[in-house]
Amino acid sequence: MSHLKKTNKPDLSWGRRQFISRSGLALLGTLIGSKIVNGHLMPEEYTPVIFDDLALDPMRDKHKDLVVLNDLPWNVETPPHLLDDKVTPAEKMFIRNNGKIPESIDIDNWKLTLDGEALDRPVVLSLQELKSKFKSYTYQLVIECGGNGRAEFNPPTKGNQWTYGAVSCARWTGVRLKDVLEYAGVKDNAVYVGYYGADKHLSGDLNKVVISRGIPIEKALEDETLLAFQMNGEDIPLAHGYPLRLVVGGWPASVSGKWLEKLAIRNKVHDGPKMEAPSYRVPCEPVEPGENVPDKNMCIIESMPVKSLITYPKTGGILKNKSKLTIRGHAWAGDLSVKKVEVSLDFGATWQEANLEPPANRLSWQHWYAEITLLQKGYYEIWARATDSHGKAQPMVSPGWNPKGYLNNTCHRIAIKKV
Ligand SMILES: Nc1nc2c(c(=O)[nH]1)N[C@H]1C(S)=C(S)[C@@H](COP(=O)(O)O)O[C@H]1N2
Ligand SMILES: [Mo]
């Protein structure tokens, strides 16, 4: 990838920044092909996002739809402008597989088994029994890969180089895990619920489990934690876990087990593959970028941090013959809600508050929009920043470097040219 991506991001905190020189600004303007509006407020050494876009995907004009990061396992992400729908449709949903998608699904004989130390005896339910014995609920739920944003960490970390698009918010229908746990007779010693899916290990070894993560019993007992059999009112697409999926909103998507066959109700923290350090863990205390962190100092990721996307317009867009533009997107905050979304046209010097809609339900993302005015001709950047209900805002530069590159919730920025 281009050297541009590896550039150290400058300190953008207001007050401490050094501004770019006039000659530097003129050179950047030449490279971009237009004057940079508010350029005198641009920090020194800052790389305009228009270069990031080119660096991340030099073929971006040819990639009209999803961006394939890896073809075995099949991993694709969604560019932000394709996440514009309030409810993410299946064809615009990122896909992350750690193993091979199950090839044949025998829907009539599909069984969910519940076992583990916190049950007196295993309980087996067919799909039909699940659907008929328990009440169904529908929730719109944010599912974001813990590694979304990994591509921006410096020094780089291994894994799929997700940029912004490993997130979705579809409408999931299913039964509450808590109702099923109650039916199964879960005991007081329950601490964790681990999942097992029907996907196959890449090695071809049928005894090897691809991934088996889970959630603490408190999260399992929340109303919105579903054993889902529908997505957006239809059967769940095969890639997203047909015929049954554990769906846990607001937590790293790796806990939402696809092709669900078994739940282990544990009397201790679940210990399946990819539960152990360093998978889906971050340093319990902040570390220096590049530092080696011993496994014992790595803590399991739970609720995801506050984040937002600008889904309209598409970065690189051209505004012709007008000055007003209504921009929009979504914001979400793990287990919390979003209190405020702001946008900036001057590299974070000033912020304008956007209109923010309430979530469809708890753990759904929230839609926002703002009318902005671009008076001068030239290159603009639009930055968006969300603040959660506890008052925590997104950072403007990659936060808390960590060895596996999780939880990057940096502000999303887009480039717009007014001609
Ligand atoms: N059985 C199973 N469930 C899984 C995975 C997997 O590889 N196998 N990947 C997890 C990870 S890491 C992510 S990010 C999400 C991706 O969900 P999606 O492909 O439906 O968008 O599924 C999670 N559930
Ligand atoms: Mo993930």
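In listed order, ligands and their atoms are each counted from 1.
- Within the cation-pi definition used here (under 6.0 Å to the ring centroid, within 45° of the axis), Lys262 qualifies as a partner of Tyr196.
- Considering only non-hydrogen atoms, atom 15 (C) of ligand 1 lies nearest to Arg245 out of Glu144, Arg245, Lys100.
- The protein heavy-atom contact nearest to atom 23 (C) of ligand 1 is Ala253 O, 3.3 Å.
- In this pair, Tyr280 and Tyr406 present their aromatic rings parallel. The plane angle is below 30°, not in the 30 to 60° band.
- Considering backbone and side-chain atoms together, His240 places an N or O closer than 3.5 Å to an N or O of ligand 1.
- Summarising the geometry of Met231 relative to Ile236, their closest heavy-atom pair is N-CG1, 3.9 Å, with the distance given to 0.1 Å.
- Closest protein heavy atom to atom 2 (C) of ligand 1: Asp199 OD2, 3.4 Å.
- Taking the six-membered ring where the residue is Trp, His330 and His367 present tilted rings, their angle falling between 30° and 60°.
- For ligand 1, the atoms closer than 4.0 angstrom to any heavy atom of Asn97 are 7 (O).
- Figure legend: cation-pi geometry between Arg266 and Tyr192 absent, as NZ or CZ is not positioned both under 6.0 Å from the six-membered ring centre and within 45° of its axis.
- Under 4.0 angstrom from ligand 1, there are no non-hydrogen atoms of Met231.
- For Tyr280, every heavy-atom contact with ligand 1 shorter than 4.0 Å involves the side chain, none the backbone.
- For atom 9 (N) of ligand 1, the nearest protein heavy atom (residue, atom name, distance) is Asn98 ND2, 3.1 Å.
- Figure legend: cation-pi geometry between Arg245 and Phe229 absent, as NZ or CZ is not positioned both under 6.0 Å from the six-membered ring centre and within 45° of its axis.
- Taking a 4.0 Å cut-off on heavy atoms, Ile95 registers as neighbouring ligand 1.
- Remark: aromatic rings of Tyr164 and His412 are close, center separation under 6.0 Å.
- With respect to the salt-bridge test (charged N to carboxylate O, under 4.0 angstrom), the residues Asp179 and Lys133 do not qualify.
- Taking a cut-off of under 4.0 Å to the non-hydrogen atoms of Cys145, the atoms of ligand 1 that pass are 14 (S).
- Proximity of Ala198 to ligand 1, defined as any heavy-atom pair under 4.0 Å, is not found for any part of the residue.
- Considering only non-hydrogen protein atoms, atom 10 (C) of ligand 1 sits nearest to Ser254 CA, 3.7 Å.
- The protein atom (non-hydrogen) at minimum distance from atom 13 (C) of ligand 1 is Arg96 CG, 3.6 Å.
- The closest non-hydrogen atom to atom 19 (O) of ligand 1, taken over Lys258, Met93, Glu77, comes from Lys258.
- Salt-bridge annotation for Arg328 and Asp84: present, with a side-chain N of the basic residue lying under 4.0 Å from a carboxylate O of the acidic one.
- For Glu222 and Arg362, the salt-bridge test passes: some basic side-chain N is under 4.0 Å from an acidic carboxylate O.
- Nearest protein neighbour of atom 21 (O) of ligand 1, counting heavy atoms only, is Phe94 O, 2.7 Å.
- Polar contact with ligand 1: present for Ser256 (N/O pair, distance under 3.5 Å).
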